[in-house]
Amino acid sequence: MSDWSRAVSGRPVDDAATGDLVKPAATITGNRGLQIEEKLIFEQDSPGHCGVDLVDPAPFRTRLGGLERARPIGLPGLSEPQVVRHFTRLSQKNYAIDSGLYPLGSCTMKHNPRLNEKLARLAGFAEIHPLQPVSTVPGALALIDTVAHWLTTLTGMAAIALSPGAGAHGELCGMMAIRAALEARGERRSRVLVPESAHGTNPATAAACGYIVDPVPGNAQGRVDLAALKSKLGTDVAALMLTNPNTCGLFETDIIEIAAAVHAVGAYFYCDGANFNAIVGRVRPADLGIDCIHLNLHKTFSTPHGGGGPGSGPVALASSLAAYAPLPWLVHGADGLELVEHKSGPAREAIGRLKGFHGQMGMFVRALAYMMSHGADGLRQVAEDAVLNANYLRVRLEEDLSLPYPGRCMHEVLFDDRFLKDSGITTLDFAKALIDEGYHPMTVYFPLVVHGALLVEPTETESKASIDQFAAVLRSLAGAARSGDAARFHAAPRLTPRRRLDETAAARKPVLRWRPEPAR
Ligand SMILES: Cc1ncc(COP(=O)(O)O)c(C=O)c1O
């Protein structure tokens, strides 16, 4: 085993603490059932092996002036079957929404309908080249325009910038548009207000745009403290960045008053709309007084994310910010759809480009397939089912786990660690035990506003049976924690190919590079 393999293999198994279940059954190979112990690709190196037969190149005169590589590049030698097996086995070690319920709060890990995938693979979309003349891709432009139409209709906003490549990128886009609008007014404001429960990307974005991040405390109901917010507002505030529904899984019920207070000091109201799946088709952000909102297509509109695909974070803008939208713009001209690519004419105040070309075309196709196959009523049902599922889970668990903010939630339900009090078991231990039961853990220790947070988002695509089973597992684990079975939790996960990592060593002494075993 190399240093690297040893580093990731976790802490040694403590038999006394873990009991019989933990002891891996000894096998000749080190494999467990059909779980194959996979070596690093470099450890599988058999020098001279190659998946392809390449002819030696004809002699040629080098033009590199002696800078050409003198030694081989050091790639491992493997046959094609070895490479295929290696990557197939690695893929089988992954957990995905296609494997089971993925309750990661704030991430909306819901099913990606296969229809979306089928349409995204149509050659007319999948095989176009970004540098193809615009005149040869009218269908792609029409699709982008249709996505824009759906998103402006659903948000009620004047314009949409489709190019941002993720939620955080959308935040950057929105805050740059706000900064440009303020500068056009001749104002240089210095502060951005960000609630303490905000997603970490919000303060990071405000800081990246050069603003001082001023945190706004929450109230006892898990929402923004309106009085505290008002006391912080002033003419040096550029914007409020508010997540709604917020990261406690709650709707900000004072949102109309919040918008009015922000506008009264001439600031902009940025909304983090990553959780739009909880309100899509039910609420239009423009009607709440929001000036700018990013949507995570990869969450609300079910395009694959995490390891499965790139994100897409379009930003919807009110008319007061539309002129600052990044290029390119798609406009309806006399001869059909036209592309505006330069900062001139109506686009002279655009903030420039944020990304090459239009953004994630494949994600636009998937998102549009999702929107059109659901229709307006279906999208409304998405929101209703997301909220219903989270509340069903809340009610099934409220007696066994502890709710910091009792009462109805939106698309996700937040628990704290009071139910583990005096058990010697932490939120992390509890989450790790879930892995042994075949579930990806929920989001833990976020949001920071409650102690030992467990944020669970079942999403709208889980059935009642699947949520019932998940709730039964959580209840049973909570019962085991209450009955004092701490050893089981401290040892978890017990049944995975790798045990719990030493997270302190991983952070303090990261092994980032593989080095061959010294020759014996
Ligand atoms: C509330 C919230 N804001 C922002 C983001 C950032 O989005 P992304 O990861 O696409 O950058 C997320 C991600 O899930 C989120 O949940």
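In each ligand, atom 1 is the first atom listed, and ligand 1 is the first ligand listed. Atoms considered below: every heavy atom in the structure, side chains included; atoms not considered: hydrogens, waters and symmetry mates.
- Between H294 and Y270, the ring-plane angle classifies as tilted under the 30° and 60° cut-offs.
- A donor-acceptor contact closer than 3.5 angstrom is absent between the side chains of Y370 and R366.
- A salt bridge links D429 and R500; the closest N-O separation between the charged side-chain nitrogens and carboxylate oxygens is under 4.0 Å.
- Under the side-chain contact (heavy atoms from CB on, under 4.5 Å) test applied with N246, the options L242, N244, L250 reduce to a single match, L250.
- The residues D98 and R114 are annotated as salt-bridged, a charged nitrogen and a carboxylate oxygen being separated by less than 4.0 angstrom.
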Considering only N or O atoms, set out every pair between ligand 1 and the protein closer than 3.5 Å, with distances to one decimal place.
unit_1	atom_1	unit_2	atom_2	d
ligand 1	3 (N)	D272	OD1	3.2
ligand 1	3 (N)	D272	OD2	2.5
ligand 1	7 (O)	N296	ND2	3.1
ligand 1	10 (O)	G167	N	2.8
ligand 1	10 (O)	N296	ND2	3.4
ligand 1	10 (O)	H298	NE2	2.7
ligand 1	11 (O)	G167	N	3.3
ligand 1	11 (O)	A168	N	2.8
ligand 1	14 (O)	S106	O	3.0
ligand 1	16 (O)	S106	O	2.8
ligand 1	16 (O)	S106	OG	2.8
ligand 1	16 (O)	K299	NZ	2.9

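- The pair R353-E341 meets the salt-bridge criterion, since a charged nitrogen lies less than 4.0 angstrom from a carboxylate oxygen.
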